[in-house]
Amino acid sequence: MWWPEEIILHNKTGLLVNIGDINQMSSAINELLDDPEKACEMGQQGREYVLRKFSIDKFKKNLQQVFERE
């Protein structure tokens, strides 16, 4: 299981807020609504980050390391 902090780089690929903090959440949403260019850039950065971090080659390498440890 992945936690948001492991897949989101704050202010680069998305915005992280404290769990249950409705004010922080609404501020983050409004920040992106007020700056669509920033939202678009974060989306693009997020896509690139996920493609790198979770690529098939990376998955194979990690899986191979698991088998080599056993």
Side-chain angles (χ1 to χ4, degrees):
M1 177 174 193
W2 294 96
W3 298 100
E5 302 87 22
E6 296 173 295
I7 58 175
I8 297 171
L9 304 173
H10 185 64
N11 276 327
K12 292 186 181 194
T13 63
L15 298 174
L16 293 170
V17 298
N18 293 317
I19 295 171
D21 190 329
I22 295 170
N23 290 330
Q24 249 189 347
M25 192 177 302
S26 64
S27 290
I29 291 168
N30 284 325
E31 180 179 337
L32 296 178
L33 288 172
D34 290 342
D35 191 347
E37 287 182 25
K38 180 177 184 175
C40 184
E41 179 65 24
M42 281 186 176
Q44 290 172 344
Q45 295 268 340
R47 182 180 190 281
E48 292 170 13
Y49 179 71
V50 167
L51 289 174
R52 278 192 317 272
K53 186 170 177 120
F54 301 104
S55 71
I56 295 293
D57 290 335
K58 184 105 174 176
F59 175 78
K60 288 179 192 176
K61 186 177 181 178
N62 289 341
L63 190 59
Q64 183 177 5
Q65 289 174 348
V66 169
F67 287 125
E68 289 173 355
R69 281 187 264 168
E70 293 184 8

Participant: Same cluster or not: Ile8 versus Met25, using hydrophobic residues (I, L, V, M, F, W, Y) connected whenever any side-chain heavy atoms lie under 4.5 Å apart?
Facilitator: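 No, it is not one cluster - the side chains of Ile8 and Met25 are not joined through contacts under 4.5 Å.
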
Participant: Roughly how far apart are Asn11 CG and Met42 CE, rounded to 0.5 Å?
Facilitator: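 It is 5.0 Å, given to the nearest 0.5 Å.
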
Participant: Hey, could you give me each pair passing salt bridge (charged side-chain N to carboxylate O under 4.0 Å, His left out) that has a residue in residues 55-67? Not counting sequence neighbours.
Facilitator: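 Non-adjacent pairs meeting salt bridge (charged side-chain N to carboxylate O under 4.0 Å, His left out): zero.
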
Participant: So, using salt bridge (Lys or Arg N to Asp or Glu O under 4.0 Å) as the criterion, who are the partners of Glu41 when residues are at least two apart?
Facilitator: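 In terms of salt bridge (Lys or Arg N to Asp or Glu O under 4.0 Å), with neighbours along the sequence ignored, Glu41 is linked to no residue.
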
Participant: Using the side chain to side chain donor-acceptor pair (under 3.5 Å) criterion, which residues pair with Gln24? Sequence neighbours excluded.
Facilitator: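 Here the qualifying residues are Asn18.
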
Participant: Checking Gln64 now: which residues fulfil side chain to side chain donor-acceptor pair (under 3.5 Å) with it, not counting sequence neighbours?
Facilitator: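 Counting only residues at least two positions away or on another chain, Gln64 forms a side chain to side chain donor-acceptor pair (under 3.5 Å) with Glu68.
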
Participant: Taking atom CD1 as the centre, does Ile22 end up with more than 12 heavy-atom neighbours from other residues, nucleotides or ligands that are less than 6.0 angstrom away?
Facilitator: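 Atom CD1 in Ile22 is not crowded, with 12 or fewer foreign heavy atoms closer than 6.0 Å.
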
Participant: Answer yes or no: are there more than 12 heavy-atom neighbours, outside Glu5 itself, under 6.0 Å from its atom CD?
Facilitator: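 It does: Glu5 CD has more than 12 such atoms within range.
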
Participant: Please determine whether residues Ile7 and Leu32 belong to a single hydrophobic cluster, defined as Ile, Leu, Val, Met, Phe, Trp and Tyr linked transitively by side-chain heavy-atom distances below 4.5 Å.
Facilitator: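 Looking at the clustering, Leu32 is in a separate group from Ile7.
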
Participant: Quick check: are there more than 12 heavy atoms from other residues, nucleotides or ligands sitting under 6.0 Å from CD1 of Ile56?
Facilitator: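 Not more than 12 within 6.0 Å, no.
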
Participant: If you take all heavy atoms of Ala28 and Val17, which pair is closest and at what distance?
Facilitator: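 That closest heavy-atom pairing would be CB-CG1, 3.9 Å.
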
Participant: Quick one: salt bridge (charged side-chain N to carboxylate O under 4.0 Å, His left out) pairs with a partner in residues 18-32, sequence neighbours left out?
Facilitator: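 Found Glu31-Lys38.
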
Participant: Distance check, rounded to the nearest 0.5 Å: Leu9 atom CG versus Gln45 atom CD?
Facilitator: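 Nearest 0.5 Å value for the CG-CD distance: 9.0 Å.
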
Participant: What residues, two or more places apart in sequence or in another chain, satisfy side-chain contact (heavy atoms from CB on, under 4.5 Å) together with Leu33?
Facilitator: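 Only Ile29, Asn30 meet the side-chain contact (heavy atoms from CB on, under 4.5 Å) criterion with Leu33.
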
Participant: For Phe54, does the CZ atom have more than 12 heavy-atom neighbours from other residues, nucleotides or ligands under 6.0 Å away?
Facilitator: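 Count over threshold, so yes.
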
